[in-house]
Amino acid sequence: MKELKGCGMRSSVGFLSRRELTGQPLMKEEFQRRRLAGCTSLYKKDMLGHFGCVNAIEFSNNGGEWLVSGGDDRRVLLWHMEKAIHARSKPVKLKGEHLSNIFCLAFDSTNKKVFSGGNDEQVILHDVERRETLNVFLHIDAVYSLSVSPVNDNVFASSSDDGRVLIWDTREPPHGEPFCLASYPSAFHSVMFNPVEPRLLATANSKEGVGLWDIRKPRSSLLRYGGSMSLQSAMSVRFNSTGTQLLALRRRLPPVLYELHSRLPSFQFDNQGYFNSCTMKSCCFAGDKDQEHQEP
């Protein structure tokens with residue numbers, strides 16, 4: 001692989017992963033930032049496989065060996081990351097194909113199953129090893145977000161354009177009635193189980209903003225974030241790995257960080273020139289201690 005300015009992918013990543021940096025934390029962090037800033041080719045790789053816009057990607061659990069992607073071409077593609085980055089291997093197409101745009105994806109904890117949902121008002125459950133479709137869960141409207149329970153791979157949550165957040169059990173008959181956690185007149189764009197307290201879920205609603213829910217007390221949220229400005233259009237919400245903080249994206253407002261049990265923001269990531277458009281987006285924590293946030 002060609003290295004640019006002596007700092008290509010192999011040299012920079014290898015340097016940071018193999019060498020332990022010691023000394024004052026601020027000096028170490030500044031050194032790392034400068035080192036990475038000069039690496040123009042760091043993690044840059046064109047992975048070509050889709051025929052249209054890619055709307056959703058998810059890394060597999062426990063190291064990210066696999067990547068699953070989906071978009072406007074209605075196909076779910078599975079990538080082996082090491083082979084995709086360092087070779088010209090093509091992704092594997094899962095046999096289950098949607099009838100319209102794919103908006104969301106999720107692995108179960110074993111990485112043996114993938115859930116996909118989208119504009120065709122259904123969630124497809126895929127078997128990763130056999131590439132087969134295991135089940136289909138029908139919705140009333142477009143599915144915008146999926147989250148698998150951290151303690152039970154048979155249970156997943158979906159949020160939909162019909163204003164409902166549904167809890168499904170894959171062991172139940174596919175045409176059975178799911179458990180309705182929330183029902184609003186406006187669309188739910190995002191839902192996520194708390195990774196430590198699985199009875200709790202966070203949601204982002206197009207008019208009602210960011211909310212915290214308890215699966216034992218459906219239909220009414222435990223907490224609505226934002227204080228006096230709780231009625232905001234929210235597009236995405238994510239817990240950190242310890243379940244103590246939430247990161248949210250709101251329409252035409254900067255990304256915001258909340259402590260789990262506090263209505264008021266603990267921090268807003270504002271910057272001159274930042275503008276969050278009406279387009280649905282997603283956000284996530286990054287770094288080994290969730291010290292960073294990212295959005296596409």
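At distances below 3.5 Å, not a single donor-acceptor pair connects side-chain atoms of S186 with backbone N or O atoms of S206. Judged by distance alone, the side chain of S190 and the main-chain N or O of M235 form no donor-acceptor pair under 3.5 Å.
Residue Q232 forms a side chain to side chain donor-acceptor pair (under 3.5 Å) with just one option from R251, R250, R252, and that option is R250.
Here D214 does not pair with K217 in a salt bridge; the nearest charged N to carboxylate O distance is not below 4.0 Å. For R75 and E97, the salt-bridge test fails: no basic side-chain N is under 4.0 Å from an acidic carboxylate O.
The ring pair (Phe, Tyr, Trp, His ring centres under 6.0 Å) contacts involving residues 90-109 comprise F103-Y144, where partners must be two or more places apart or lie in separate chains.
Linking Ile, Leu, Val, Met, Phe, Trp and Tyr whenever their side-chain heavy atoms come within less than 4.5 Å puts V128 and I102 in one cluster. Under the 4.5 Å side-chain heavy-atom criterion for ILVMFWY residues, a single connected hydrophobic cluster contains both F179 and V155.
The number of heavy atoms from other shown groups lying within 6.0 Å of CD (E82) does not exceed 12. At most 12 heavy atoms of other shown residues, nucleotides or ligands fall within 6.0 angstrom of atom NZ in K112.
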Evaluate N119 against E121 for side-chain contact (heavy atoms from CB on, under 4.5 Å), listing each step before the verdict. CA-CA 5 Å; N119 197 46; E121 304 170 6; over 6 Å; no
Apply side-chain contact (heavy atoms from CB on, under 4.5 Å) to F269 and L247, showing your working. CA-CA 10 Å; F269 300 90; L247 176 66; 3.8 Å; yes
